[in-house]
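To start, the structure under review is shown below, and the notes come after it.
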Amino acid sequence: EIVLTQSPTTIAASPGEKVTITCRASSSVSYMYWYQQKPGASPKPWIYDTSKLASGVPNRFSGSGSGTSYSLTINTMETEDAATYYCQQWSSTLTFGSGTKLEIK
Amino acid sequence: QIQLVQSGPELKKPGESVKISCKASGYTFTDYAMHWVKQAPGKGLKWMGWINTYTGKPTYADDFKGRFVFSLEASASTANLQISNLKNEDTATYFCARRSGYRYYFDYWGQGVMVTVSS
């Protein structure tokens, strides 16, 4: 099983700040996927195929990476971006990262 | 519009069984695989497995073999998850999620069903 390790576990950012969340895989994966989840809600697809934004996702978000290292970046943090973000791979048995909680400072 | 609507919350005792449903609408049910994801309170997401909505064949992740059964009512565009011999650690929210065609992620999710197991 491929283990996905997200860092940081929690991060607080001020509006306008740049934020980067990383996801490291225990073995190489072909693509990385990201979800956003707010309290009491189901996860929403956010980034697919490593770098493509899901429908409705603001273009201040971007995704990048390859092999075992991937990241989600918010160019300028907005209050509505406060949420938990999960990475996911399916190169072998599907696994999720443990999540990164993004808070507003 | 595409929707996955799940059944309501459940309160069960250890040893009992529960069956939760996920009704799909807005697309051809048998064209897309349905997956199940567990989220324990305050914890992350854990993939449980999936069911081929065309053939009805289920595939279970290792941690969900034995007490967990995926099934279909294809005529009703509904996927079901049944958990038998409930344990306290089954307390969680269970999501159904549609696989995005041949891509390796989930593009639509149900609202989740909270299952509480308590004596």
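Side chains are part of it too, since the values below use all heavy atoms of this structure and drop only hydrogens, waters and symmetry mates. This is a predicted model, so every value here is computed, not measured. Below, chains carry the letters A, B, ... as their sequence lines are ordered, and counting in each starts from 1.
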Can you establish whether the number of heavy atoms outside A/R24 located under 6.0 Å from its atom CZ is more than 12?
-> no
Look at A/T84, A/D49, A/L94 and state which one has the largest set of heavy-atom pairs under 4.5 Å with chain B.
-> A/L94
Inter-residue atom distance B/F106.CZ - A/Q88.CD, 0.5 Å rounding = 5.5 Å
Report yes if the side chains of A/T95 and B/K46 come closer than 4.5 Å at any heavy-atom pair, otherwise no.
-> no
Hits for ring-ring contact (aromatic ring centres under 6.0 Å, His included) against A/Y70, two or more places apart or cross-chain, chain-then-number order -> none
In Å and rounded to the nearest 0.5 Å, what is the OH to CZ distance from A/Y48 to B/R103?
-> 4.5 Å
Could you look at A/K101 and say if it's the side chain, the backbone, both or neither that has a heavy atom under 4.5 Å from chain B?
-> neither
Given the options A/Y86, A/Y31, A/Y33, B/Y105 meets ring-ring contact (aromatic ring centres under 6.0 Å, His included) only with A/Y33
Going through the distances and angles, do B/W109 and A/Y35 end up as a ring pair (Phe, Tyr, Trp, His ring centres under 6.0 Å)?
-> CA-CA 11 Å; B/W109 293 64; A/Y35 301 87; 5.5 Å; yes
Between the CG atom in B/D62 and the CD atom in A/E1, the distance rounded to the nearest 0.5 Å is 8.0 Å
Answer yes or no: are there more than 12 heavy-atom neighbours, outside A/F96 itself, under 6.0 Å from its atom CZ?
-> yes
Same apolar cluster: A/Y85 and A/I11, side chain cutoff 4.5 Å | yes
In the single-linkage hydrophobic clustering (I, L, V, M, F, W, Y; side-chain heavy atoms under 4.5 Å), do B/I2 and B/L72 co-cluster?
-> yes
Using a side-chain heavy atom cutoff under 4.5 Å and only I, L, V, M, F, W and Y, what cluster partners does B/V5 have?
-> none
Report yes or no: do B/Y104 and A/L72 belong to one cluster of Ile/Leu/Val/Met/Phe/Trp/Tyr joined by side chain heavy-atom distances under 4.5 Å?
-> no
Can you establish whether the number of heavy atoms outside B/K57 located under 6.0 Å from its atom NZ is more than 12?
-> no
Contact listing (chain A partner; residues 31-44 of chain B; heavy atom under 4.5 Å) = B/H35, B/V37, B/Q39, B/K43, B/G44
Interface residues of residues 74-96 of chain B facing chain A - non-hydrogen atoms under 4.5 Å apart | B/F95
Top residue by heavy-atom pair count (under 4.5 Å) with chain B, among A/S98, A/G99, A/P43, A/S42?
-> A/P43
Joint cluster assignment, B/W47 & B/V115, ILVMFWY side-chain distance < 4.5 Å = no
Tell me whether B/V117 is reachable from B/I20 by hopping between hydrophobic residues (I, L, V, M, F, W, Y) whose side-chain heavy atoms are closer than 4.5 Å.
-> yes
